[in-house]
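When a residue number appears, it is its place in the shown sequence, counting from 1. Quick caveat: nothing in here was measured; it's all calculated off a predicted structure.
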Amino acid sequence: MDLSQMNVELFRIINDLGKEHTYLNHTFIFLAEYMVFVLGLMALIFWFTRRKENRFMIISAAAAFIMAEIIGKIAGKLHSNNQPFAELSNVNKLIEKAVDNSFPSDHTILFFAFCTTFFIYQKRWGYLWIIIALLVGVSRIWVGVHYPADVLAGALISIVSAIIVSYIVPRLNFIKKFLLLYEKGEKYIFPGRDRSREL
């Protein structure tokens, strides 16, 4: 069995679970479609905790996502495939999706860029973020819009990007200056706030 066949077989195994365990479909639809809003809300919460470490974390995560997206677009030029529901028969398609190049998975890139960065900065809760990213990746297969290879490629690209960016960003002087100016602006707008919790 070659890699292409393995990719299809693994897709079938995961996607067919939605036919056998229909009571889980709503959960995986939420993960595949709407978990992105939860991630966005958490990023805002981290930013507005007004801790420097959290702000470095969000900047690093955003930069990792941009870097991973660029690499992902290049990878998509080198290899392309349509979504499983467009190429295979009897796919358990649970969400609407336009037919285009699904390699690599953009959702997986987004979640692994942010969640890997959160893991690097916050070891205490880091494993929870990795589990969330994994569940989102699996959900994209479960609902029928990505192959396992799409998800795996997106995850690997983002993990590498997050590691590189999280090492570089805290050492960039212009990022430090930006945060300093931003904090001065906050002091001007909210002069009475207690900033004792900042690092």
Sub-3.5 Å donor-acceptor pair from the side chain of R140 to the main-chain atoms of A32, do we have one?
yes
Any chain of hydrophobic side-chain contacts (each under 4.5 Å) joining I70 to F114?
no
Over 12 foreign heavy atoms within 6.0 Å of CZ, F30:
yes
For the pair M42 and I132, evaluate side-chain contact (heavy atoms from CB on, under 4.5 Å) and give the outcome as yes or no after the intermediate values.
CA-CA 13 Å; M42 290 306 302; I132 289 171; over 6 Å; no
Let me confirm one number: the CG-NZ distance from N101 to K73, rounded to the nearest 0.5 Å.
8.0 Å
Is L134 linked to L128 within one hydrophobic cluster, defined over Ile, Leu, Val, Met, Phe, Trp and Tyr using a side-chain heavy-atom separation of less than 4.5 Å?
yes
How many angstroms lie between atom CE of M35 and atom NE2 of H107, to the nearest 0.5 angstrom?
11.5 Å
Looking at V91 and P84, what are the two nearest heavy atoms and their distance?
CG2-O, 3.7 Å
For the residue pair I109 and G72, what are the closest heavy atoms and their distance?
CD1-CA, 4.2 Å
Sub-4.5 Å side-chain heavy-atom contact between V143 and E33:
no
Heavy-atom count around K77 NZ within 6.0 Å, excluding the residue itself: above 12?
no
Is it true that F56 and I164 fall in one hydrophobic cluster, defined by side-chain heavy atoms closer than 4.5 Å?
yes
For residues I120 and T116, determine if any side-chain heavy atom of one lies less than 4.5 Å from a side-chain heavy atom of the other.
yes
Between N7 and L3, is the side-chain contact (heavy atoms from CB on, under 4.5 Å) condition met? List the steps.
CA-CA 6 Å; N7 191 32; L3 290 176; over 6 Å; no
Just so I know, are the side chains of F119 and S166 near enough to count as touching, which here means a heavy-atom distance under 4.5 Å?
no
Nearest atoms (heavy-atom pairs only) where H146 meets F11:
O-CD1, 3.4 Å
Return yes if some donor-acceptor pair links the side-chain N/O of Q5 with the main-chain N/O of D2 below 3.5 Å, else return no.
yes
Looking only at non-hydrogen atoms, find the nearest pair between F103 and A149 and report the distance.
CE1-O, 3.8 Å
Let's go through L110 and E69 carefully: what are the C-alpha distance in whole Å and the side-chain angles of both, what is the deciding distance for side-chain contact (heavy atoms from CB on, under 4.5 Å) to 0.1 Å, and is it a yes or a no?
CA-CA 8 Å; L110 172 65; E69 268 291 288; over 6 Å; no
Interatomic distance, F118 atom CZ to S60 atom OG [nearest 0.5 angstrom]:
10.5 Å
CG on L135 to CD1 on I131, rounded to 0.5 Å:
7.5 Å
As an exercise, state the distance from CD1 of I163 to OG1 of T117, rounded to the nearest 0.5 Å.
9.5 Å
Return the CZ to CD1 distance between F28 and I95, rounded to the nearest 0.5 Å.
13.0 Å
Closest non-hydrogen atoms of A113 and S158, given as atom of the first, atom of the second and distance, are N-CB, 3.4 Å
Please tell me whether L156 and V138 are part of a single hydrophobic cluster in this structure, the criterion being side-chain heavy atoms less than 4.5 Å apart.
no
Could you tell me whether the side chain of D150 and the main chain of P104 form a donor-acceptor pair under 3.5 Å?
no
Would you check if V36 and F111 make a side-chain contact, meaning some heavy-atom pair closer than 4.5 Å?
yes
ILVMFWY cluster, I59 and I45 together (side-chain gap under 4.5 Å):
yes
I'd like to know whether CD of E96 has more than 12 heavy-atom contacts from other residues, nucleotides or ligands below 6.0 angstrom.
no
Within a strict 4.5 Å, meaning less than it, do heavy atoms of the Q83 and D100 side chains meet?
yes
Test side chain to side chain contact (heavy atoms under 4.5 Å, CB included) applied to W142 and L31, N15, L24, the passing residue
L24
In terms of the angle between their ring planes, are Y23 and H21 parallel, tilted or perpendicular, with boundaries placed at 30° and 60°?
perpendicular
Main-chain N/O of G18 paired with N25 side-chain donor or acceptor, under 3.5 Å
yes
Smallest separation among heavy atoms of F85 and A98, with atom names:
CZ-O, 4.4 Å
